[in-house]
Structures are given as C-alpha cells and as structure tokens.
**Q** 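Below is a structure I'd like to ask you about.
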There are 2 protein chains.
Amino acid sequence: MTKILIAEDDDHTRDALREVLTMEGYEVIPASDGLQAVDFFRAESPDFVCLDVMMPGLNGYEVCKQIRRQDEKVPILFLTAKAEEIDTVLGLELGADDYMTKPFGVKEIIARIRAILRRTASRGGGRTDDDFTMDDLRIVPTELRAYRDKLELALSPRDVKVLRLLYDRRGKVIDRNTLADEVWGVDYFPESRALDQHISQLRKRIEKDPAQPRIIRTVHGAGYRFE
Amino acid sequence: MTKILIAEDDDHTRDALREVLTMEGYEVIPASDGLQAVDFFRAESPDFVCLDVMMPGLNGYEVCKQIRRQDEKVPILFLTAKAEEIDTVLGLELGADDYMTKPFGVKEIIARIRAILRRTASRGGGRTDDDFTMDDLRIVPTELRAYRDKLELALSPRDVKVLRLLYDRRGKVIDRNTLADEVWGVDYFPESRALDQHISQLRKRIEKDPAQPRIIRTVHGAGYRFE
DNA sequence: AGCAGGTTGTAAGGAAATTGTAAGGCGTCT
DNA sequence: AGACGCCTTACAATTTCCTTACAACCTGCT
C-alpha cells in the first residue's frame, strides 16, 4: 500500500487529510511538526510527502532539505497558506514536485497526488531505462524487447527487471531472496516456485540452448548469476 | 541571450517562472495580460513564448493567433490548468509547439523549454501540427482528419493526441500511466476504463481489421505501441 | 560408487489479472 | 428533441502467471 507522510501543524487540516486519504486507500502517517516529520520519514520511508510550509520548529523548507538529503526521488507536495510562499518553494529549487495553496478541495488534492504518483511511477521505477547487453543479447527496456542479430524477442516488464538486476550485479550471485524482493516485492512467499518457473520460461525464450544457459546461470544452493 | 516571453496573469506563478528561468540564464519578459503580451512580442521579438490559456482581456488562444500572424516559427508553449483546454489548443490549429498542464514542476518546465529550443533550433518547425503517417494512414492534425487512399476519417482532438504520442515514440511501449497523463491529464482516475474504451473505439475507426490492429498494438501488461 | 536429502527444472492445468467491447447514461451542442 | 461524444458498467475474451506434481540434479555422507 502507498504510504503518505503528512506534515501539517493544524490539527483540523491534518485530520481531514488523513481521513480523506485513508478512504482513498492510502496509508497515512501524520506528523504535527517538522522534527516529527523528519523522524517519521526515516522510520517509515513513505512513498509520498505532503508538507505544510509553516510549521513550528523546522519549517517545510527545512524538512524538505532533510528529506532530500536522504532521498532525492520521493515526490513532495507543498501545502501553503499564502501564495507568496510558492516563490520560495520554486526559487529554492528544493525539488518539490507540486504545490497547493490553501484552501484546497478534497478532489483537487487527491487528483494531484494520483497524478504525481502516476508520473513518478512510470519514470523508470528507480533505475534507469538504458539499454544493456548480456552475452549476444541486446536488451532495450523502453521497447520491452531484446535483440539477437535480426531476431526480435518480446519481454515482459518482469523479465526486464530480472535481467537488469543480474546485469547490474554481473559476476555476483543474486540469491533467491534478493531476486524475489526486487522483482516480486514484499508479498512473495518463499515456498512458492513462481520464481523458478519464471526463470525457466525466460530462459526458454532468451537462451540459445536453455539446457546450457549462458545468460542466467544457476549457482546451486545460492542463486543465479550472469557472467 | 535567449529571450522568453511569459504571459501569465497570476502574479505568483509569473514571478516564480521569471525567477527560475532567469536563474537558468534566460532573459525573461513578463506580461500579465494578453494585450501586454502581444505588445511585448512586437517590441521584443522573443525567441520563445509561454502562454497561459486563461487570461483577462485577450486569452491565450487569441494571443497565439496574433503572434502567429507576425511570426509562424517562434516556439509557443501553452500552460493550461485543465487538460481539456489542450483539446482547444490542438483543435484551433494554433501552431503550438507543446503544452503543459498545471501544476508542473520547475525541472519539468525547464526541460521542456530546452527540448523545444533544441528541436526548433536544429530543424525549423513546430511539431504538434505536422502531418504524420501511421501504417497506411495519413493523419492531418490541423484538419482533425485522417486519410487512407480516398477514404476520409474524422478524428477527435483526443484521438489525435493518442496517435501523436504513439507516433512520437514509435517502437517504444507507452504505458497506461503515461498515456493517461499526456492525454487525459490530472483528472484521470486509474481505475477508470475510459482509456481502454477510447482505444477500442478509435481502433474501430482507423484499423482495417480492429481485431488485428496494425496501428495501435497492445503490449499486454505494459501498454500500447506503434511501429 | 551408491544413497539420502535438499535444491532446481519444467510440463500442465487452473487461477488471476488484463484487456476488449457492447450497452446504457449523462451532459453538451445544434 | 435528436445527435454526438465520452464515461461507467458489466461481462466476455484473452493472456499471463502461479500452483502443483514430478523429474532431474547437486552435494555430502557412508
């Protein structure tokens, strides 16, 4: 579930936001001042942050800087009571993704949060979309395809994730837990054989001889490796 | 130095843009209404224009027409609060080079301005209105029509946007989020099926065999693609 | 070498998710 | 009112993915 950190000192606004966003299916972490916000950010690693500019102690700008020191990607939405404050947000190049001026409507803030999450979600998902080569196979993530000579192979997003991971740590063994975590996420059951199944199917498509794999090699008792 | 004319009635947005773009090394000419924008354009001959759609007096569309009467080449970037307004931008044959839906991030607008300037510097024309061909279909955005042999097909502004996006990134997979963001804008709710419905209807009209689409192909689990 | 126990490969069928599309409703424009 | 475009809904078609079951394999031990 998507976690949203809300830093807002006004109790009423904060509670209203919490309620609305919870109804929308987000997990809300409320913070009532800047220090708490920074603490909660570290502890919870939220996927999205709403920051009020005016807060006791650390103000929104400071909180934003602290957060950016840890994470330059997490989307940040500023909430401001005064329109002038936006100048500062923009001028300081804090890396804010959006801002809203109070008062704002419920639908408006939900639409913006969704839009930002959509936008940032489709941007690579953390790592780059650059092409890379494994053995004699050229993988082109943005096309969800791989090429061998003139041959063109379709890949699923999951295929690309697996290959990318192996490529990024080529020479090292990727154990099953890591693979499962990175590709399937937290809700992977270790006793499931989905991972083996996927590797098997993938090999059938990308390996010249799936029985003697050159791209995805098995390291018995440990995991998989490329090179 | 590259001169950028900014026509935007909201003081804070305008000032913020001015500050940011000045920091980036552009010379900024701010105008707070449509008439001023036209005057300043005549007086200063800027290299680039950012136009808010909603302005008192002359609105963005009118300003654009006036500017185009003098200069058919200068790149124009529309700023709109609502994604729907883009339909009008496209439909009116205004010759816009790009558009952005508010709210937008600082980095985003800088990136677009750079991209457009690069494009128009190297080639020599705007992109949004140019005709293009997909498979055996010739799409003419300014007429909101497509042609196959003698056959003439009507297209909605939204159809054109979808096709343009697929054409601009042909070979690449356009995921649903990107499509939703670029075509529907901030108000698109992910659980809506409007996008599928639209693709289905569009295929019925433009594909010879909608069951075996050659223009808009489905990449299951990922998005759509044209090549 | 042969065996036991654990690990991995993979075919098959069914579950689950994704996409296609017909039908109906709502609002707008004429 | 009627036509039109666009959206939601509901269900069908499609595709992918996972579970299961068993075969094959590796490793360490006797």
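Side chains are part of it too, since the values below use all heavy atoms of this structure and drop only hydrogens, waters and symmetry mates.
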**Q** How many whole angstroms separate atom CG of B/Leu155 from atom P of D/dG5?
**A** 11 Å
**Q** Could you give the NE2-to-P distance, from B/His220 to C/dA16, as a whole number of Å?
**A** 15 Å
**Q** Establish, with yes or no, whether the OP1 or OP2 oxygen of C/dT19 is under 4.0 angstrom from a side-chain nitrogen or oxygen of B/Ser200.
**A** no
**Q** For B/Ala194 and for A/Arg158, locate the closest nucleotide of DNA chain D by heavy-atom distance; then report the residue assigned to the nucleotide nearer the 5' terminus.
**A** B/Ala194
**Q** Quick one, B/Leu202 and B/Leu155 - any side-chain contact, counting heavy atoms below 4.5 Å?
**A** yes
**Q** Just to confirm, is there a sub-4.0 Å distance from OP1 or OP2 of C/dA22 to any side-chain nitrogen or oxygen of B/Lys204?
**A** yes
**Q** Could you pick out which residue, B/Arg205 or B/Gly221, lies toward the 5' side of DNA chain D when each is mapped onto its nearest nucleotide?
**A** B/Arg205
**Q** Any side-chain donor paired with an acceptor under 3.5 Å for B/Asp181 and B/Thr178?
**A** no
**Q** So, OP1 or OP2 of C/dT19: does either fall under 4.0 Å of a side-chain N or O from B/Arg217?
**A** no
**Q** Please give, in whole Å, the distance from C/dG6 P to A/Asp196 CG?
**A** 17 Å
**Q** Please determine if A/Arg170 forms a cation-pi arrangement with A/Tyr167, meaning its NZ or CZ atom is less than 6.0 Å from the six-membered ring centre and no more than 45° off the ring axis.
**A** yes
**Q** Scan B/Ala222 against the nucleic acid and name what it touches under 4.0 Å (heavy atoms): base, sugar-phosphate only, or nothing.
**A** sugar-phosphate
**Q** To the nearest angstrom, how far is A/Leu195 atom CG from D/dC17 atom P?
**A** 13 Å
**Q** Taking donor-acceptor contacts at under 3.5 Å, does the side chain of B/Gln201 reach the base of C/dT21?
**A** no
**Q** Just how far, in rounded Å, is P of C/dT18 from CD of B/Gln197?
**A** 19 Å
**Q** Would you say A/Arg203 reaches C/dG9's phosphate, i.e. side-chain N/O to OP1/OP2 under 4.0 Å?
**A** yes
**Q** Quick check for you: to the nearest 0.5 Å, what is the distance between A/Ile206 atom CD1 and A/Arg148 atom CZ?
**A** 7.5 Å
**Q** Just how far, in rounded Å, is P of D/dA12 from CZ of B/Arg193?
**A** 14 Å
**Q** Using a 4.0 Å heavy-atom cut-off, does B/Tyr224 contact any base of the nucleic acid, only the sugar-phosphate backbone, or nothing at all?
**A** sugar-phosphate
**Q** Is any side-chain nitrogen or oxygen of A/Ser192 closer than 4.0 Å to OP1 or OP2 of D/dT19?
**A** yes
**Q** With no hydrogens and no angle check, do the side chains of B/Gln197 and B/Gln201 hold a donor and an acceptor under 3.5 Å apart?
**A** yes
**Q** Which whole-number value in Å describes the distance from B/Asp175 CG to C/dT19 P?
**A** 11 Å
**Q** Check the distance between C/dG6's C1' and A/Arg176's CZ and give it to me in whole angstrom.
**A** 12 Å
**Q** Any side-chain N or O of B/Thr218 below 4.0 angstrom from OP1/OP2 of C/dG20?
**A** yes
**Q** Are any of B/Trp184's side-chain N or O atoms less than 4.0 Å away from OP1 or OP2 of D/dC7?
**A** yes
